[in-house]
Amino acid sequence: MRFIADMMLGRLARWLRLYGYDTLYGVEEDDEIIRVALEEDRVILTRDCGLAERAEKLGGRVILLGSNDLEEQVGELKRRGVTFRELFPPSARCPKCNGPIRRVSKDYVKGKVPESVYERYDEFYVCKNCGQIYWPGRQWREMLKIDKRLRA
Ligand SMILES: [Zn+2]
């Protein structure tokens, strides 16, 4: 399942990417969202009834979300059949840009991350698209806590 999220759903879009779902975000115009969704067979995620109605009339698939809260939104998606498996970095997509992520060697990140990070960690991932580097630091641990809550 692939998604396109409207502009109100940035946080949800980033989380869907972390869970490995190909999720477009950043398209502003409703017509453009509908066009891309139909062309690329993506499910539209929106909180906007008007957009949902128009998209459905044109044959698009839509999940209309009622809540503004991330945990509740994830609950709504689960009820619509979207599964959330434990976060697993190699299958995640980049939360910043939706690009695929791959594991890289410690050598690869030398000089690209702060020295203290290089010294302390052995596990690194990079986004193939934007080059962002990820490692299991404080932010990562925070994410795992949220992940547990979201899947509970
Ligand atoms: Zn990226």
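Start at 1 with the first residue, then count along the sequence. Both counts, for ligands and for their atoms, begin at 1 and track the order of listing.
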**Asked** Tell me, which protein N/O/S atoms are under 2.8 Å away from the Zn ion (ligand 1)?
**Response** Cys94 SG, Cys97 SG, Cys127 SG, Cys130 SG
**Message:** For the residue pair Tyr19 / Asp147, report whether a side-chain donor-acceptor contact shorter than 3.5 Å exists.
**Reply:** yes
**Asked** In terms of side-chain heavy atoms, does Asn98 have a donor or acceptor partner in Asp22 at a distance below 3.5 Å?
**Response** yes
**Message:** Assigning hydrophobic clusters by single linkage (Ile, Leu, Val, Met, Phe, Trp, Tyr; side-chain heavy-atom cutoff under 4.5 Å), is Val27 placed with Val43?
**Reply:**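 Unlinked, Val27 and Val43 end up in two clusters.
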**Message:** For Tyr108, does the six-membered ring have the charged nitrogen or CZ of Lys110 within the cation-pi criterion, i.e. under 6.0 angstrom from the centroid and within 45° of the normal?
**Reply:** no
**Item:** Side-chain ion pair, Arg35 and Glu39, N-O less than 4.0 Å
**Value:**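 So Arg35 pairs with Glu39 through a salt bridge.
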**Prompt:** Do the ring planes of Trp140 and Tyr125 sit parallel (below 30°), tilted (30 to 60°) or perpendicular (above 60°)?
**Reply:**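 Geometry flag for Tyr125 against Trp140: tilted rings.
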